[in-house]
Amino acid sequence: MNKDTIKQALLLNGAKCNTKQELFSYFASKLNFPDYFGNNWDAFEEIINDISYKNVVIFYNLEQCLPNDTENKTILFDILNQYNQDNKTVFYYLNSAF
């Protein structure tokens, strides 16, 4: 990933996602989810897969995302990894800030 890619990337801060509901709110705001988003994993997956991102998405401070909720963290990454495979669009994950 080069500097131009990083400059144009959409940045998501895992530190802003301490709970599942905070994660849903944060993603909905940053990724411009439609108003009908249902704040559940099925709706999240449907919207993630319906939206096309022009830029790379960098999800940083990953270790701070859902720090006490490994079950939901696993669901999140299963959805994002499937999105990456299906759409050839990239969510990059970083364990810290850059």
Side-chain angles (χ1 to χ4, degrees):
M1 178 171 19
N2 63 37
K3 289 180 184 180
D4 288 333
T5 302
I6 293 171
K7 287 179 186 176
Q8 295 175 19
L10 175 62
L11 304 176
L12 298 175
N13 185 351
K16 306 265 184 187
C17 306
N18 292 308
T19 66
K20 181 171 75 168
Q21 289 309 312
E22 284 179 1
L23 180 136
F24 288 152
S25 258
Y26 184 68
F27 269 68
S29 169
K30 294 290 279 185
L31 299 176
N32 299 316
F33 283 10
D35 292 337
Y36 61 82
F37 172 53
N39 290 299
N40 61 63
W41 286 120
D42 288 335
F44 182 89
E45 182 174 22
E46 182 179 324
I47 290 171
I48 284 286
N49 285 307
D50 284 347
I51 294 174
S52 173
Y53 301 104
K54 295 176 186 167
N55 296 326
V56 166
V57 179
I58 299 174
F59 193 13
Y60 65 99
N61 287 331
L62 187 61
E63 75 285 353
Q64 295 177 42
C65 176
L66 300 171
N68 300 310
D69 192 348
T70 47
E71 180 181 348
N72 282 306
K73 195 172 196 173
T74 299
I75 293 169
L76 169 66
F77 291 111
D78 286 348
I79 292 169
L80 296 180
N81 288 332
Q82 186 62 48
Y83 177 85
N84 282 348
Q85 285 182 334
D86 292 347
N87 294 288
K88 311 260 190 268
T89 301
V90 180
F91 276 82
Y92 284 104
Y93 311 128
L94 302 175
N95 282 327
S96 60
F98 57 99

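These values consider heavy atoms only, across backbone and side chains, with no hydrogens, waters or symmetry-generated copies.
Remark: K16 NZ is loosely packed, at most 12 non-hydrogen atoms of other residues, nucleotides or ligands lying under 6.0 Å away.
Nearest heavy-atom pair across K30 and L12 is CB-CD2, 3.5 Å. Across every non-hydrogen atom of C17 and P67, the tightest pair is O-CD, 4.2 Å. Residues C65 and F59 approach most closely at SG-CZ, 3.8 Å, considering heavy atoms.
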Q | Intermediate values then yes/no, ring-ring contact (aromatic ring centres under 6.0 Å, His included), F37 and F24 | A | CA-CA 9 Å; F37 172 53; F24 288 152; 5.6 Å; yes
(Q) As a quick check of understanding, evaluate side-chain contact (heavy atoms from CB on, under 4.5 Å) for L23 and F44, giving each step before the final call. (A) CA-CA 10 Å; L23 180 136; F44 182 89; 4.2 Å; yes
Q: Starting from the C-alpha separation in whole Å, work towards a yes-or-no answer on side-chain contact (heavy atoms from CB on, under 4.5 Å) for Y83 and V57.
A: CA-CA 12 Å; Y83 177 85; V57 179; over 6 Å; no
Q: Go through the steps to decide whether D78 and W41 satisfy the test side-chain contact (heavy atoms from CB on, under 4.5 Å), and finish with yes or no.
A: CA-CA 11 Å; D78 286 348; W41 286 120; over 6 Å; no
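Judged purely by atom type and a 3.5 angstrom limit, N61 has no side-chain atom pairing as donor or acceptor with the backbone of Q64. Without hydrogens or angle criteria, T74 side chain to T70 main chain gives a donor-acceptor distance under 3.5 Å. Distance alone, capped at 3.5 Å, is enough to place a donor-acceptor pair between the Y26 side chain and the N13 backbone.
L66 CG to T19 OG1: the interatomic distance, rounded to the nearest 0.5 Å, is 7.5 Å.
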